[in-house]
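Convention: sequence-line order gives letters A, B, ...; per-chain numbering from 1.
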2 protein chains.
Amino acid sequence: MIDSQIEDIFIQTAGELAESVSLNRMVGQLYALLYIRPEPVSLNKMAEKLKISKGSASVNIRALETWNAVKKVWIQGSRKDFYTAEPDILKLVLERLDYGFTRRIALSKAKMDLIYSILNSKNEKASFYKERLKQLEELQNLVETFLKFLPKVRSLKNLKKIASVL
Amino acid sequence: MIDSQIEDIFIQTAGELAESVSLNRMVGQLYALLYIRPEPVSLNKMAEKLKISKGSASVNIRALETWNAVKKVWIQGSRKDFYTAEPDILKLVLERLDYGFTRRIALSKAKMDLIYSILNSKNEKASFYKERLKQLEELQNLVETFLKFLPKVRSLKNLKKIASVL
DNA sequence: TTATACGTTTATAACATTCTAAACATTCAA
DNA sequence: TTGAATGTTTAGAATGTTATAAACGTATAA
């Protein structure tokens with residue numbers, strides 16, 4: 001059947017992409033399956049289609065849920081959990097990027113504060129360290145500003161506006 | 001000695017950051033070591049400082065070399081290889097992002113072409129598939145345009161210009 | 001030539017991740 | 001109640017990744 005062939009290509013490709021960005025393959029495949037299906041799919045159906053255990057389906061679908069990549073939908077008269085994909089992939093990616101960078105910048109700032117306190121406590125000149133720290137702070141500021149503006153990059157039209165001022 | 005304490009914090013933090021983005025820890029540590037040292041460092045010195053085998057130092061420094069994150073410098077009268085860090089971290093990150101996205105978009109386009117050819121060969125309507133494929137193409141276009149403009153994001157001044165038109 | 005000082009490759013040990021099957025828990029219908 | 005239908009947790013097997021030590025290759029100095 002043609003549908004199944006197309007779905008298989010689609011799902012497998014998504015799995016490869018997920019792996020290539022250090023996500024679990026199943027997470028990519030589960031999302032892809034829901035993404036190309038117009039109707040909600042149950043956990044068992046997903047496990048069956050992807051030929052994975054229901055245990056795996058369970059934990060990976062919940063990972064997707066915590067990222068708001070899929071959501072549970074209630075279907076009258078059924079005891080099963082059904083899921084659908086959040087179709088706005090760009091939104092998902094931007095959310096993850098923002099979350100990831102924000103956390104990492106916070107960590108690295110804390111460590112830099114520690115280094116400054118060591119430098120100051122000893123009245124150290126250590127000018128090369130200070131130069132590098134300053135560079136890193138500039139990079140952090142740039143990334144933070146960039147993250148704030150990133151959500152607005154949602155259309156080619158906006159990008160063209162941007163291109164026109166640079 | 002104060003220098004060593006600061007270097008240790010710096011190097012360890014970089015290792016953690018590297019791991020958190022699925023890079024090898026040593027790669028982050030090696031880069032960090034070269035980044036906070038004003039002078040070139042030899043392979044053996046690096047292995048000694050980081051307490052890793054020279055084999056590991058060798059393979060990981062070469063990974064960094066292929067990304068242009070470090071470069072070999074010739075030092076007169078020495079048979080050793082010395083390395084320094086490329087200090088423009090933003091450039092490195094942008095290069096990697098561009099490379100990674102470009103490859104992945106090419107892969108996914110190829111798979112989408114395959115799906116289209118299947119749909120057409122059967123005169124399938126399959127409208128939901130087509131809707132999803134169209135969405136993905138729009139996302140690809142957006143990302144490609146974005147990648148072209150990304151290199152210009154190199155200063156807060158530019159970002160402020162951008163913010164002003166959105 | 002021989003010995004030394006390097007960098008690279010390789011085999012394997014240590015460790016981490018992924019996946020499953022089975023046990024378990026919960027809900028609901030009969 | 002019981003038991004069937006579901007989702008979750010867990011123990012362990014399979015697989016994948018990382019790091020090392022040792023073997024290896026190569027160049028150079030003596």
Side-chain angles (χ1 to χ4, degrees), chain A residues 11-12 14-34 39-67 69-85 100, chain B residues 11-12 14-34 39-67 69-85 100:
Chain A
I11 288 167
Q12 195 191 313
E16 287 166 11
L17 282 174
E19 277 192 324
S20 82
V21 294
S22 314
L23 293 176
N24 186 296
R25 192 183 68 252
M26 288 181 188
V27 151
Q29 292 183 333
L30 285 167
Y31 180 78
L33 173 55
L34 297 178
E39 79 288 348
V41 184
S42 73
L43 198 72
N44 278 323
K45 266 277 179 323
M46 289 190 263
E48 190 187 325
K49 170 76 188 176
L50 303 183
K51 296 197 175 52
I52 61 178
S53 70
K54 62 182 181 147
S56 292
S58 174
V59 318
N60 288 300
I61 206 75
R62 269 182 302 142
L64 284 165
E65 242 186 321
T66 67
W67 307 333
V70 305
K71 67 170 194 287
K72 224 179 259 195
V73 297
W74 217 249
I75 289 198
Q76 270 199 339
S78 175
R79 283 161 61 187
K80 296 180 193 170
D81 292 351
F82 289 83
Y83 293 87
T84 50
Chain B
I11 288 166
Q12 193 191 313
E16 287 166 11
L17 280 175
E19 277 192 321
S20 81
V21 295
S22 315
L23 292 177
N24 186 298
R25 191 183 68 252
M26 287 180 189
V27 151
Q29 292 183 333
L30 286 166
Y31 179 80
L33 172 56
L34 297 177
E39 78 287 348
V41 185
S42 73
L43 198 72
N44 278 324
K45 267 276 178 327
M46 288 190 262
E48 190 187 327
K49 171 77 187 175
L50 303 183
K51 295 196 175 55
I52 60 178
S53 71
K54 62 181 180 148
S56 292
S58 174
V59 320
N60 288 300
I61 206 75
R62 270 182 301 140
L64 284 164
E65 241 186 323
T66 67
W67 306 335
V70 305
K71 67 172 196 283
K72 222 179 262 196
V73 298
W74 216 247
I75 289 197
Q76 270 199 339
S78 176
R79 285 159 62 188
K80 298 178 193 174
D81 292 351
F82 289 83
Y83 294 87
T84 49

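- You can see that DNA chain D meets the heavy atoms of chain A within a 4.0 Å-exclusive cut from dA4(D) to dT9(D), reading 5' to 3'.
- Inter-residue side-chain proximity for Glu39(B) and Phe82(B) is flagged as unmet; no heavy-atom pair is nearer than 4.5 Å.
- Whole-Å rounding puts the Glu19(B) CD to dC15(C) P distance at 14 Å.
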- Query: Could you run down nucleotides 3-12 of chain C 5' to 3' and tag each one B, S or - for protein heavy-atom contact under 4.0 Å?
  - Reply: -BBSBBB---
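- Proximity of Met46(A) to Leu30(A): side-chain heavy atoms (C-beta onward) are separated by under 4.5 Å at one or more points.
- By the neighbour-count criterion of 12 heavy atoms within 6.0 Å, atom NZ of Lys49(A) is densely surrounded, having more than that number from other residues, nucleotides or ligands.
- Taking CG of Leu34(B) as the reference point, atom NZ of Lys71(B) lies at 11.0 Å (rounded to 0.5 Å).
- Contact annotation: the side chain of Ile61(B) approaches that of Leu43(B) to within less than 4.5 Å [non-hydrogen atoms, C-beta and beyond].
- Every residue was checked against the side chain to side chain donor-acceptor pair (under 3.5 Å) condition with Thr84(A), not counting sequence neighbours, and none meets it.
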- Could you go step by step and tell me if Lys54(B) and Asn44(B) meet the side chain to side chain contact (heavy atoms under 4.5 Å, CB included) rule? CA-CA 6 Å; Lys54(B) 62 181 180 148; Asn44(B) 278 324; 4.2 Å; yes
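- Counting only heavy atoms from C-beta outward, the side chains of Leu64(A) and Tyr83(A) never approach each other to under 4.5 Å.
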